[in-house]
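Residue numbering restarts at 1 for every chain, and letters A, B, ... go by the order of the sequence lines.
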Amino acid sequence: MLWRLSSALWFCAPFVVLLILWAVFIPYFDVNPRLFPHLSSVIQAGIEGIKDGTLIQHIGASLLRVAVGTVLALLIAIPLGIAMGVSPIISSFLTPLFRFFSVLAGIAWIPIATLWFGYGFGAITFVIFNAVFFIVTYNTLLGVSTIPLQVRNAAASLGAGRWAMLTEVLLPGALPNIVTGIRTGLGFAWRGLIAAEMIATNVGLGYMLFVARDFYRTEVIVLGMIVIGVLWLLLDRLVLAPIERATIERWGMVQRA
Amino acid sequence: MKDLTIRNLSKTYFDPYVGTNVTAVHDVSLKVEQGEFVCIVGPSGCGKTTILNMIAGFIPHTGGEILVGGRPVKGPGPDRGVVFQSFALFPWRTVLENVAFGPKMRGVRKVEREKIAHEYLALAKLTEAAGRYPAELSGGMQQRVGVVRALANEPDVLLMDEPFASVDAQTRMTLQEELTRIWQEKRPTVIFITHDVAEAVFLANRVVALSKGRVLDDIAVDLPRPRSWDALNDDARFKELSGRVLQLVRSA
């Protein structure tokens, strides 16, 4: 526990130094707030954003898109990846498509997505879906194919039928790769989200950044950048990493980094 | 527990590297009585693992028949328990859950199947390890789990594919002694594959010597039980039998 606390503090240390430098040097050199804001005005913008609810609204819109896009992607990607892992025919047929679309995944879909879904929720969720879907499908396929044949044979000789093979062997066996896929996919999705929100919506963190530029409100831009970074770190460290720790490392399937 | 009959078993497959059909197992016949412990011994590539994989139903045979308790083998099934050289435990399951896996597949309720698993864990002196994950155990401990996981499902025949080949020599001797003890207590029908002649003679009622996919000879082992390495190391009968099997395997 003490070790966890000290490692968390050590993680924050360079950010504290950065904040101190910011608080001291921006006023000292009298930097134009239209080019870079004072720390105090960013804090002020943050407080205002929370008070009038706009910041929360932007964060909520962004997170909702990520959640919906990711869940939809997982619902299709994991079964498809397992089917590909089990069937060499399905896998070899679809693999070229996945190679192609995983390069395309992301912001390249925005123009066509806005034509299909209009500006806003649908188009952006579609971008998130793409970012997560291809990576998780591919990682699930990889995970299934790394399960040793003997482990599947063992389950079969202990009486596992098709359903038990899926739930007791293929899913847990592929889980380390699935979690890795989700982590990587969400990383791409988060970047894609901000870009997509600059183009195709009127609410969300990306939109908040982009609009602030028109009014030279650098304090809102920097606030948005900080929120984007901090949210990702929280998501990765507090949600995704503990899932990996709690299961996979204990199973000895992935070596502790 | 039931008997096992193999009649004129053959396995031929197309080898893409050679470009022709290769016969891995040629016209093998073998009868294993209920409660018997049979070792199949032979050098690498003699077809012994292929025979075991066919009995287990992991690969199809191309000729002859395999009957367990009179019923032909079609694919893997819980009537034939398998112990693997690579252990093949489920890394995401605790030791207890691994051993309870077979009963779970049979639809045995949680309380009941955990009771069964605990009994078998006690048999292999694994009670302490019940809540741990396979990756946290040594190789020898993992294979103890592998053995009782197969036994806990109460198969008609227990198939063991070089199960002790990947543990160190001291652990191997301990595991061999424990296996003979557990066999005496539960009396399963066992087919044990190995390339180690001394191991085969130490464990078995009967040793079947195999070479190039054919049965060379079938030698009865009349050593008294319980068996231990301390007693058998200098035993004249053990040396004589081992010598005979070794000569057979090497001459082929």
For a side chain to side chain contact (heavy atoms under 4.5 Å, CB included) check, start with the C-alpha distance between Val151(A) and Phe84(B), then their side-chain angles and the critical distance, and finish with the verdict.
CA-CA 9 Å; Val151(A) 171; Phe84(B) 299 86; over 6 Å; no

To the nearest 0.5 Å, what is the distance between CD on Gln150(A) and CG on Leu89(B)?
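Rounded to the nearest 0.5 Å, the CD-CG separation comes out at 12.0 Å.
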
Return the CZ to CD1 distance between Phe90(B) and Ile147(A), rounded to the nearest 0.5 Å.
10.5 Å

For Leu159(B), is it the side chain, the backbone, both, or neither that has a heavy atom closer than 4.5 Å to a heavy atom of chain A?
neither

More than 12 heavy atoms of other residues, nucleotides or ligands under 6.0 Å from [atom1] of [X]: yes or no?
{"X": "Tyr138(A)", "atom1": "OH", "answer": "no"}
{"X": "Ile89(A)", "atom1": "CD1", "answer": "no"}
{"X": "Arg181(B)", "atom1": "CZ", "answer": "yes"}
{"X": "Arg99(A)", "atom1": "CZ", "answer": "no"}
{"X": "Lys31(B)", "atom1": "NZ", "answer": "yes"}
{"X": "Phe126(A)", "atom1": "CZ", "answer": "yes"}

Side-chain contact, heavy-atom cut-off 4.5 Å: [X] with [Y]?
{"X": "Leu175(A)", "Y": "Trp92(B)", "value": "no"}
{"X": "Phe58(B)", "Y": "Leu149(A)", "value": "no"}
{"X": "Phe101(B)", "Y": "Glu168(A)", "value": "yes"}

Most heavy-atom pairs under 4.5 Å with chain A, out of Arg149(B), Arg93(B), Arg80(B), belong to Arg149(B)

Just give me the residue among Ala155(A), Ser157(A), Ala154(A), Gly159(A) that pairs up with chain B most often, heavy atom to heavy atom, under 4.5 Å.
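The option with the most such pairs is Ser157(A).
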
